[in-house]
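Bear in mind the structure is a predicted one, so any value in this text is a computation, not a measurement.
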Amino acid sequence: MEDILKKLQSVSTNKELEDLRVEFLGKNGILTQELKSLGSLPDEEKKKKGADLNQLKSKFEEIFSSKKETLEKQEMDAKIQKEFSDLTLPVNDENFGTLHPVTQGINEISAILGKMGFEIATGPDIDDDWHNFTALNIPQDHPARDRNSSFFLKNSLNMLRTETSAVQIRKMEIEKGPVKIFCPGRVYRVDMDATHAPMFHQCEGLLIGENITLCNLVSVLKDFLKSFFEVDDVPIRLRQHDFPFTEPSIEIDVLYERKDGKILVGQGNTYMELMGAGMVHPNVLKNCGIDPEKYQGFAFGMGIDRLVMTKYGLPDLRAFVENDIRWLKHYGFTHLKTPSQTEGL
């Protein structure tokens, strides 16, 4: 049986190793049969032979374990060498397709607001009346509640959310205090033309804390717009407006001009409406269980699709969902240059 140890040392594959284990230690293996024969031997001879067999078994198992580890390492090294890819080689972007402009826009917005300390928050696309309307201080007779303006589920008050403000409500209900979030996502309204769609993308920001003022809001928005449009300055105009969930409420216009078919933000002498904002209404804070005497905050909302159309000169919102491969190739973005909170734009 000593020959079995020599054979064990010479095996070169895991299959050979396993075959040898079965030959020696299996149910009908050499060692197993020898151990069964011990019962017919005299006591002294049985004791000596049993000790020799156990010693042989221990030695076999020790060599087997070492050999198995060696062979597995050799097989892994061979597999790694066979599957090796040089990541420094040039990549053919055509093999990977392109990012949709909306995806690129969400990535850029997330990178900018993330650097400002805002935390991303998400919520359900199907929501209830409380989170989508009532908690936001929207009156019962408000036009947005009209079933011809919003998508309601059949025989239900549940609906496709009309704005990502519903996510803000859910977050405030949990935190009951300071909050600093932004909420990108899909929203749904009964609307369809060259600049409106029944499903589009919004991003809303919210900051709740102590001693928060309108000046903080304006500062955040100016920094965001400069970063997003990649310009040194973006002159803005604030216009008084009326949103049920903010008081005071404002709309933000940016200076721009059209030149060679492009929209140049920060130049010219014409203003364009770009987003809405304001100080969170005390009633909204109360609805979420937050003390308006202690905490204040601001909120802002923007259409991601519109921001992307403005920045990259896309003329028709409908093309965003037509899935024309030629349009996607022309206006798409390489996945290798995706903005992030750590890498920037």
Side-chain angles (χ1 to χ4, degrees), residues 113 118-119 121-153 156-191 200-218 220-221 238-252 273-304:
L113 293 179
F118 286 84
E119 172 191 358
T122 58
D125 284 26
I126 297 177
D127 218 324
D128 53 46
D129 177 89
W130 168 259
H131 292 95
N132 197 80
F133 290 135
T134 305
L136 287 164
N137 199 43
I138 297 177
Q140 291 294 327
D141 59 352
H142 195 279
R145 290 178 178 266
D146 192 326
R147 286 184 172 266
N148 292 324
S149 300
S150 304
F151 292 103
F152 285 85
L153 274 63
S156 172
L157 289 178
N158 290 339
M159 59 187 299
L160 296 177
R161 66 185 180 191
T162 59
E163 51 201 347
T164 52
S165 302
V167 180
Q168 298 179 3
I169 297 297
R170 292 180 176 275
K171 188 69 172 179
M172 286 190 285
E173 286 177 329
I174 294 171
E175 299 298 333
K176 307 294 185 184
V179 176
K180 192 175 184 181
I181 60 170
F182 68 100
C183 321
R186 294 181 296 267
V187 294
Y188 309 83
R189 299 178 190 175
V190 182
D191 211 350
F200 56 101
H201 300 81
Q202 262 191 357
C203 181
E204 304 203 23
L206 173 72
L207 191 154
I208 302 294
E210 297 185 41
N211 303 315
I212 305 299
T213 70
L214 198 62
C215 292
N216 301 126
L217 168 62
V218 173
V220 166
L221 293 181
L238 308 181
R239 287 183 293 105
Q240 183 178 355
H241 198 65
D242 179 28
F243 298 121
F245 31 81
T246 52
E247 179 58 40
S249 301
I250 56 175
E251 285 193 333
I252 295 91
E273 176 197 336
L274 206 58
M275 62 177 71
M279 301 299 293
V280 178
H281 199 291
N283 287 347
V284 175
L285 297 176
K286 291 177 184 177
N287 290 337
C288 297
I290 296 176
D291 183 3
E293 297 296 327
K294 181 178 181 181
Y295 295 109
Q296 309 80 42
F298 63 73
F300 57 89
M302 59 191 110
I304 297 175

Practice prompt. Could you give me the CA-CA distance, side-chain angles and deciding distance for Val284 and Met172, then say whether side chain to side chain contact (heavy atoms under 4.5 Å, CB included) is met?
Written response: CA-CA 9 Å; Val284 175; Met172 286 190 285; 3.9 Å; yes
Item to complete: Step by step, work out the side chain to side chain contact (heavy atoms under 4.5 Å, CB included) result for Glu273 and Arg239.
Response: CA-CA 9 Å; Glu273 176 197 336; Arg239 287 183 293 105; 3.8 Å; yes
Item to complete: Please report the C-alpha distance between Asn287 and Ile169 in whole Å, then the side-chain angles of each, then the deciding distance to 0.1 Å, and finally whether the side chain to side chain contact (heavy atoms under 4.5 Å, CB included) criterion is met.
Response: CA-CA 9 Å; Asn287 290 337; Ile169 297 297; over 6 Å; no
Discussion item. The test is side chain to side chain contact (heavy atoms under 4.5 Å, CB included); show your working for Leu206 and Phe182 and say whether it passes.
Written reply: CA-CA 6 Å; Leu206 173 72; Phe182 68 100; over 6 Å; no
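With values rounded to the nearest 0.5 angstrom, Leu207 atom CG is found 7.5 Å from Asn216 atom CG. Rounding to the nearest 0.5 Å gives a distance of 7.0 Å between CG of Asn132 and OG of Ser150. Note that OH of Tyr295 and CD of Glu175 are 10.5 Å apart. Values are rounded to the nearest 0.5 Å. Distance check, rounded to the nearest 0.5 Å: OG1 of Thr134 to CG of Leu157 gives 9.0 Å. The CG atom of Leu153 lies 6.5 Å from the CG atom of Leu160; values are rounded to the nearest 0.5 Å.
By the 30° and 60° cut-offs, the orientation of the rings of Phe300 relative to Phe118 is perpendicular. Classification of the Phe243-Phe245 ring pair by plane angle, with boundaries at 30° and 60°, yields parallel.
The closest donor-acceptor contact from the side chain of Lys171 to the backbone of Ala166 lies at 3.5 Å or more, if one exists at all. In terms of modelled atom types and a separation under 3.5 Å, the side chain of Arg189 and the main chain of Thr162 share a donor-acceptor contact.
Phe152 is not listed as a side-chain neighbour of Asn158, based on a closest heavy-atom distance of 4.5 Å or more. Using a 4.5 Å heavy-atom threshold, the side chains of Arg161 and His131 count as separate. By the 4.5 Å heavy-atom criterion applied to side chains, Ile212 and Ile208 are not counted as neighbours. The closest side-chain heavy-atom distance from Lys286 to Asp291 is not below 4.5 Å. Residues Thr246 and Phe298 fail the side-chain proximity criterion, which asks for heavy atoms closer than 4.5 Å. Arg186 is not listed as a side-chain neighbour of Gln202, based on a closest heavy-atom distance of 4.5 Å or more. Residues Phe133 and Met159 form a side-chain contact, since some pair of their non-hydrogen atoms from C-beta on lies under 4.5 Å apart. Between Met302 and Leu274 the shortest side-chain heavy-atom distance does not fall below 4.5 Å.
Under the side chain to side chain contact (heavy atoms under 4.5 Å, CB included) test applied with Glu204, the options Val187, Thr164, Val167, Ile181 reduce to a single match, Thr164.
Considering every non-hydrogen atom in both His281 and Pro244, the closest pair reads CD2-O, 3.7 Å. Nearest heavy-atom pair across Pro143 and Ser149 is O-OG, 3.5 Å. Closest heavy-atom contact between Cys183 and Gln168: SG-CG, 3.9 Å. Closest approach of Gln296 and Leu285 over heavy atoms only: CA-CD1, 4.5 Å. The nearest pair of heavy atoms linking Ala277 to Leu221 is CB-CD1, 4.1 Å.
By the neighbour-count criterion of 12 heavy atoms within 6.0 Å, atom CD of Glu210 is densely surrounded, having more than that number from other residues, nucleotides or ligands.
Between Arg170 and Asp127 a salt bridge is recorded (basic side-chain N to carboxylate O distance below 4.0 Å).
In the model, Asp242 has no side-chain atom that pairs as donor or acceptor with a side-chain atom of Ser249 under 3.5 Å.
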